[in-house]
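Here the structure comes first, spelled out in structure tokens, and everything after it is commentary.
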Amino acid sequence: MRVAQLSHCFLIPEFWGDIAKDFYWKSKHTGQFLDYNFDVKKGEIYIKCMEGATTNICYNVLDRNVHERKLGDKVAFYWEGNEPGDVMKVTYRELLQQVCQFANVLKSQGVKKGDRVSIYMPMVVELVVAMLACVRIGAVHSIVVSNGFYRGDKLINLKVIADDALQKFILCGVFTCVWFRQVPWNPEVDQCWRSLLSGASDECEPEWCDSEDPLFILYTSGSTGKPKGVLHTVSGYMLYVATTFKLVFDYQPDDVYWCTADIGWITGHSYITYGPLANGATSVLFEGLPTYPDVSRMWEIVDKYQVTKFYTAPTAIRLLMKYGSEPVQKYNRESLKVLGTVGEPINPEAWQWYYSVVGEKRCPVVDTFWQTETGGHVLTPLPAATPMKPGSATFPFFGVVPAILNESGEELEGPCEGYLVFKQPWPGVMRTVYGNHQRFETTYFKKFPGYYVSGDGCRRDKDGYYWITGRMDDMLNVSGHLLSTAEVESALGEHAAVAEAAVVSRLHPVKGESLYCFVTLTDGVGFNRTLEAELKKQVREKIGAIATPDFIQNAPSLPKTRSGKIMRRVLRKIARNEQDLGDLSTLADSSVIEQLFLNRCC
Ligand code: AMP
């Protein structure tokens, strides 16, 4: 409660102004600390932070650490490949050298300030090098996951997709492409990373950028529709991710931090690259799978590097939970101090397993709610300071002012449920949809003028805790009763046989919509009529007769985005037997779809 109250009354310019003093500014800001319009009725939506200041984020996360803070010899990343034993490490000094070299390579290829550079690389240190090299010279990166990566023992070659995309782009001016791993070669555009780097100087003066210059574009995960190019800018993003990283993970200089996200996702941008590096942290960077060569891999890595702060997604927790506690307990986890989760609502069952089995009831769990659009955490506990409630992202971060609105746009007081919105910006919020400011205003500001609309449903309990109930687009309306996906899914997840559940609506002649549930079972459990009846009973008892599922389908796998989010819009089409599945560009594994259609309940 104290945390929530604090964020309402604290003073934005003073709070962030003090934090800004820890960073290097080539010139100081002249305007207001935060200037904005959140109300479409008053004119164009804009957010500006520290206008007039100039800085460089690469300088702040590397040069400042090497030269001012004397952290040159500190390990920035322990890289752990897909194969155990395939390892390397890089210090802050080495990272700075490589970044300067690659920045010079980019310049020699004609890249200059403001240019957009697409990066399509696997989870390797060179990906961080490429990102930072772009921002060093003021170019804007746009990362699209990977060109070729290992999934267990399979090399997944995405170069074919990249080549296809390039065919289209070449017409508009792409002329070169640097490859890091061995892939089928196209001499017209492809060049080798290593040979380019070996000839480049390791000195490169940073390009000083305005606070509101674009920093990167990142396409949203596409769980609810066509991906949008979210644009973040330099200074506000830098301050916000550095501060949320420091406070939410209670960062200490001797920490070994590990975030399992992909860098091609916002979590990787903010909490593998920029947040940890801004603090001079040592991180683990992992290229492999949590289940390869076996389901103990994560805990083996925790033990090996003595990881102190660990950050993963509910999808990974639920996946590993399927195999029980034995694979976790094989390894020592005494080093762990804070456990984080992000990406989807975490059902209390998975939260308890994470807290009790992985963290041995010692480590606070920080359930961090945020979005590509928010840049960093917006609802989150602070470890050991916020009393936890399993499944709740608890309270807003400093300076974040949420509200819950009803369908008519009225702010609800006290315990309530409705649309989660934000009343004012924080430094790290997105500035526009790249190339389409109108889409930005329509998506986030039109429905409820005066507020940023997150698109998520949310409940506030009597103690003021916030509980995300899932995307509003995914809500179920059964006989006029609105049900959240998170609520029904967690009721299913409480059954010992269920590892993961996803609930969507199927049209019903009387009720309007009925519940169609997909369940992935715990390892070794078979699907049968008795289990189906038990699951229906469980949901009825937990939520009420209105929520009794009409259909339960056994789903060995669920369609997920590459960042691990369940694509309920695809499941809805399957439940309704609609063949046109919409935009599938971010679907991680398309082979699951056919199987789900085959097993459909009629
Ligand atoms: P993305 O922009 O791809 O990271 O997706 C953001 C969405 O993920 C949010 O709008 C939520 O629906 C969901 N999300 C992220 N973190 C959480 C969390 N801790 N609890 C509940 N939902 C979350």
Side-chain angles (χ1 to χ4, degrees), residues 143-145 216-232 241 244 248 259-272 311-318 339-348 350-351 354 365-381 386 388-397 400 402 419-422 428-430 433 443-444 452-460 465-475 484-487 489-490 493 502 560-569 585-588:
I143 299 182
V144 264
V145 200
F216 65 80
I217 300 162
L218 183 58
Y219 284 83
T220 52
S221 62
S223 50
T224 53
K226 196 165 180 263
K228 293 176 278 294
V230 168
L231 184 102
H232 284 283
V241 296
T244 44
V248 172
C259 168
T260 67
D262 195 296
I263 291 183
W265 177 29
I266 188 68
T267 304
H269 280 54
S270 301
Y271 299 114
I272 294 181
Y311 195 27
T312 194
T315 178
I317 299 166
R318 290 191 290 255
L339 300 174
T341 159
V342 57
E344 286 185 291
I346 179 164
N347 48 311
W351 192 102
Y354 196 30
V365 174
V366 286
D367 178 355
T368 60
F369 166 81
W370 61 295
Q371 311 175 299
T372 309
E373 294 87 336
T374 68
H377 307 141
V378 283
L379 299 179
T380 177
T386 314
M388 302 178 288
K389 292 197 187 190
S392 167
T394 73
F395 300 117
F397 190 72
V400 173
Y419 290 86
L420 176 68
V421 298
F422 295 96
V429 70
M430 74 185 285
V433 168
T443 312
Y444 306 101
Y452 165 88
V453 182
S454 70
D456 284 294
C458 186
R459 182 164 69 78
R460 191 169 47 219
Y465 280 65
Y466 289 84
W467 301 74
I468 303 296
T469 52
R471 302 291 303 167
M472 286 311 264
D473 303 353
D474 292 334
M475 291 287 282
S484 76
T485 49
E487 191 178 16
E489 287 162 10
S490 67
K560 291 191 178 168
T561 62
R562 293 192 191 137
S563 56
K565 285 180 210 300
I566 298 169
M567 296 176 88
R568 289 183 192 76
R569 67 179 165 90
S585 55
T586 60
L587 176 65

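The model shown is predicted, which means the values in this text are computed figures rather than measured ones. Only heavy atoms go into these numbers, but all of them, side chains included; no hydrogens, no water, no symmetry mates. Remember, it's 1-based here, ligands and their atoms both numbered in the order they're listed.
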Minimum non-hydrogen distance to atom 18 (C) of ligand 1, winning option of Arg562, Lys228, Glu344:
Glu344
So that I know where these two stand, are Trp265 and Tyr219 an aromatic pair - ring centroids less than 6.0 Å apart?
no
Could you name the option among Gly470, Gly455, Pro345, Ser454 that has the heavy atom nearest to atom 22 (N) of ligand 1?
Pro345
Only heavy atoms of Gly343, strictly under 4.0 Å: list the atoms of ligand 1 that pass.
8 (O), 13 (C), 14 (N), 15 (C), 16 (N), 17 (C), 23 (C)
With a 4.0 Å cut-off, would you call Arg471 and Glu344 a salt bridge?
no
For the atom pair CG (Leu379) and CG (Leu420), what is the distance rounded to the nearest 0.5 Å?
6.0 Å
Below the 3.5 angstrom mark, is there an N/O of Thr368, backbone or side chain, next to an N/O of ligand 1?
yes
Heavy atom to atom 4 (O) of ligand 1, shortest distance: which of Trp265, Trp467, Tyr466 holds it?
Trp265
Considering only heavy atoms of Lys565, which atoms of ligand 1 have at least one such atom less than 4.0 Å away?
1 (P), 3 (O), 4 (O), 5 (O), 6 (C), 7 (C), 8 (O)
Would Ile468 count as being in polar contact with ligand 1, using the rule that some N or O on each side must be under 3.5 angstrom apart?
no
Compute the shortest N/O to N/O distance between Asp367 and ligand 1 and return yes if it is under 3.5 Å, no if not.
yes
Measure the acute angle between the ring planes of Phe369 and Phe422, then classify it against the limits of 30° and 60° as parallel, tilted or perpendicular.
parallel
Hey, what do you get for OG1 (Thr220) to NZ (Lys565), rounding to the nearest 0.5 Å?
10.0 Å
Give yes if a backbone or side-chain nitrogen or oxygen of Ser563 is under 3.5 Å from a nitrogen or oxygen of ligand 1, and no if not.
no
Of Trp467, Tyr466, Tyr465, the one forming a ring-ring contact (aromatic ring centres under 6.0 Å, His included) with Phe395 is Tyr465
Can you sort out which atoms of ligand 1 are near Trp370, meaning under 4.0 Å from one of its heavy atoms?
6 (C), 9 (C), 15 (C), 16 (N)
Aromatic ring pairing His232/Phe216, orientation class (parallel under 30°, perpendicular over 60°, tilted between):
tilted
Interatomic distance, CD1@Ile272 vs CD1@Ile266, rounded to 0.5 Å, equals 11.5 Å
Which atoms of ligand 1 have any heavy atom of Thr372 under 4.0 Å away?
1 (P), 2 (O), 3 (O), 4 (O)
Quick one: does ligand 1 sit under 4.0 Å from the side chain of Ala393, the backbone, both or neither, non-hydrogen atoms only?
neither
